[in-house]
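Only one structure is covered here, and it is reproduced in the block below.
Naming: A, B, ... by sequence-line order, numbering from 1 per chain.
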Amino acid sequence: MTARSYALSDGNSFYCSCERVFDPSLEGRPVIVLSNNDGCAVAMTPEAKALGVKMGSPWFQIRDLCKREGIVARSSNYALYGDMSRRVNEVYKTFSSVVEVYSIDESFLDFSDVPDRSALAQEMRRTVKQWTGIPTRVGIGPTRVLSKVANNLAKKRLELNGVCDLTDEALRRQLLPLLDIEDVWGIGRASAPKLRAVGIETAADLRDMPPRQARAMLTVAGEKLVRELNGIHCDDLELTPPVRKGIAVTRSFGKPITTVEEMMQATGFYATRAAEKLRRHRVLAPSIRVFMHTSPFREGPSRSVAKTIGFPSPTWDTRDLVSAATRATKLIWANGFQYAKAGVMLDGLTTPEETPRSLFDAQDPSREALLSALDSINGKFGRGSLYLARTGHNPAWKLRSDLKSPAYTTDLRQAPLARA
DNA sequence: TCTGGGGTCCTAGGACCC
DNA sequence: TCTGGGGTCCTAGGACCC
């Protein structure tokens, strides 16, 4: 019997590697790729990193450094990276029948029942490099978290030659103490100091933490993390990409916004873009949320506010979104602040196929009509449960899903439907 | 002067209902 | 009639990810 194994493969400095594939003269030179409006560095090669560029370094701060040291800076080209990512994943599929695309440059592969995992991983690296030009590194482990940890070690420790297999427990005991707590997947800048304060400094310390304590400090995500570090499997691979749950359009302003008219212009424009995205993805939004906040980098009074406005029925209509966005902006506006960023967010999206229109139009449908509508959509969602409800000022029945009450659908069949 | 954008998940707390 | 407890719904906000 062979143990379950996951491999996490990622492209080294992925965006920069893509740029190098199309411009081989960049090979061996320090390269960085800049964010959308060339605001900051979002990818860098080890050569650039060695010269002092950090992830997220603002362009205006490193411009001189780049000029002085001959660092090549490129604007990002997401169409190119997306195409490259697709090609790399095609190669992965020849090495494992189960591939979960986790992000543009990372994929989880099922490596269970592979006799020599490291050898297969090395062969995969060679093939990806040969067919696409992209260099990769591979981490292997009995859980996804451990494969992620392994990938990190493969990155940090050059003697591992791009592949680290943590399936063996003895090797884990040896290597986990070498990984700082900040480098563990799921531990960010808020949790790391909290953990360090109680003496948790490395991945090994976190592994040995009582799961209940981890839950108290880091919520359920922390408890899962501890279990997975111990080799106990908690999350499986997502084989089919989940339906889009939210859409956001947000921007930082070149210069701060101080008047409500300007802000309404901005959020109205974001709402227009959001409506385009809804129609492109063929999903409907039940509500829209507008937020704005001041710059965290500047002195002065700070403010961060948000407002959600619901629609009578889910919509992708530009006018609905823009008028709600404008209304929300007025409602939360306060004078005397320098707003640096704002945006609109759409949550709880539904699709026309999964949620029959008639359900939303029904003002006072019969019990039979509601139950048959429920039957027609039942089981079409991957997770959670479904129920019908009407709430707030909205007279129409709504379809909702809620992970917290898995038995609700059954309850609904037995309980009399309330008439508001 | 200039510090990204787009996602997911979790939780607290108020409103409301029975 | 009064009260409390328990449940759900919804919003806001935080943390994390790439």
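A:Trp59 places its CH2 atom 16 Å from the C1' atom of B:dT1, with the value rounded to the nearest Å. In this structure, CD1 of A:Ile62 is placed 11 Å from C1' of B:dT3, rounded to the nearest angstrom. Following rounding to the nearest Å, A:Arg273 (CZ) and B:dG4 (C1') show an atom-to-atom distance of 15 Å. Here B:dG6 presents its P atom at 11 Å from CZ of A:Arg280, a figure rounded to the nearest Å. What separates CZ of A:Phe311 from C1' of C:dT11 is a distance of 16 Å, to the nearest Å. Whole-Å rounding puts the A:His293 NE2 to B:dG5 P distance at 10 Å. Atom CD1 of A:Ile288 is separated from atom C1' of C:dC10 by 17 Å (rounded to the nearest Å). For A:Asp347 and B:dT8, the CG to P distance is 8 Å, given to the nearest whole Å.
Among the protein residues, A:Val184 comes within range of the sugar-phosphate backbone only, with heavy atoms under 4.0 Å from sugar or phosphate atoms but none that close to a base. Using a 4.0 Å heavy-atom distance criterion, A:Lys224 is classed as making no nucleic acid contact. Residue contacts shown for A:Arg298 are limited to sugar-phosphate atoms, with no base heavy atom under 4.0 Å away. A:Ile187 comes within contact range of the sugar-phosphate backbone alone, with a heavy-atom separation under 4.0 Å but no base atom that close. Across all strands, A:Phe253 comes closer than 4.0 Å only to sugar-phosphate atoms, never to a base (heavy-atom distances). Across all strands shown, A:Tyr102 has heavy atoms under 4.0 Å from sugar-phosphate atoms exclusively, and none from any base. When heavy atoms are screened at a 4.0 angstrom cut-off, A:Asp38 is found touching no nucleic acid atom at all. Among the protein residues, A:Arg289 comes within range of the nucleic acid bases, having at least one heavy atom under 4.0 Å from a base atom.
With a 4.5 Å cut-off on side-chain heavy atoms, A:Phe14 and A:Glu106 do not count as touching. When side chains are defined from C-beta on, A:Asp10 counts as touching A:Lys155, because their heavy atoms get closer than 4.5 Å. In this structure the side chain of A:Tyr15 reaches within 4.5 angstrom of the side chain of A:Val42, judged on heavy atoms.
Taking each heavy atom of A:Arg144 and A:Tyr6 in turn, the nearest pair found is N-CD1, 3.7 Å. Summarising the geometry of A:Pro142 relative to A:Arg172, their closest heavy-atom pair is CG-NH1, 3.5 Å, with the distance given to 0.1 Å.
For the contact set between residues 190-197 of chain A and DNA chain C, defined by any heavy atom under 4.0 Å, the members are A:Ala190, A:Ser191.
Look at A:Asp83 and A:Arg86 and you find a salt bridge, because one of the NZ, NE, NH1 or NH2 atoms lies within 4.0 Å of a carboxylate O, short of that distance. Salt bridge A:Asp23/A:Arg74: present, at least one basic N to carboxylate O contact under 4.0 Å.
Set against B:dC9, C:dA12, B:dT11, the side chain of A:Lys245 has B:dC9 as its closest nucleotide. For A:Thr219, counting side-chain heavy atoms from C-beta on, the closest listed nucleotide (B:dC10, B:dT3, B:dG6) is B:dC10. Here the side chain of A:Lys148 is nearest to one of C:dC18, B:dG4, B:dT3, namely C:dC18. Candidate nucleotides B:dG6, B:dT3, B:dG4 were compared by shortest atom distance to the side chain of A:Ser252, and B:dG4 ranks first. Across B:dG7, B:dC10, C:dC17, the shortest atom-to-atom separation from the side chain of A:Ile247 is found for B:dG7. For A:Val220, whose side chain is taken as the heavy atoms from C-beta onward, the closest listed nucleotide among B:dG5, C:dC16, B:dT11 is B:dT11. Comparing B:dC2, C:dA12, B:dT3 by their nearest atom to the side chain of A:Lys307 picks out C:dA12.
In this structure, A:Met345 and A:Arg63 both approach DNA chain B, and ranking their closest nucleotides by distance from the 5' end singles out A:Arg63. Place A:Arg244 and A:Gly254 on DNA chain B by their nearest nucleotides, and A:Gly254 ends up nearer the 5' end.
In this model, the phosphate group of C:dA12 is approached by a side-chain N or O of A:Thr308 to a distance below 4.0 Å at OP1 or OP2. Between A:Ser35 and B:dT3, a side-chain N or O to OP1/OP2 separation shorter than 4.0 Å is absent.
Remark: of the listed residues A:Trp333, A:Phe253, A:Phe291, A:Trp333 is the sole one forming a ring pair (Phe, Tyr, Trp, His ring centres under 6.0 Å) with A:Tyr339.
For the C1' atom pair drawn from B:dC16 and C:dG4, the interatomic distance equals 15 Å after rounding to whole Å. Rounded to the nearest Å, the gap between the C1' atom of B:dC17 and that of C:dT3 is 15 Å.
In this structure, the ring of A:Tyr92 has its center no less than 6.0 angstrom from the ring center of A:Trp131.
Checking side-chain atoms of A:Ser13 against main-chain N and O of A:Met44 turns up a donor-acceptor pair under 3.5 Å.
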Anything under 3.5 Å between a donor and an acceptor, one on a side chain of residues 213-226 of chain A, the other on a protein residue two or more places apart or in another chain? List them.
residue  : atom : partner  : partner atom : Å
A:Arg215 : NH1  : A:Glu223 : OE1          : 2.8
A:Glu223 : OE2  : A:Arg227 : NH2          : 2.9
A:Lys224 : NZ   : A:Asp235 : OD1          : 3.4

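In summary, the side chains of A:Ser107 and A:Asn89 do present a donor paired with an acceptor at a separation below 3.5 Å, with no hydrogens or angles considered.
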Per-residue pairing states of DNA chain B in dot-bracket (Watson-Crick or G-U under 3.5 Å; . unpaired, | other strand) read ....||||||||||||||
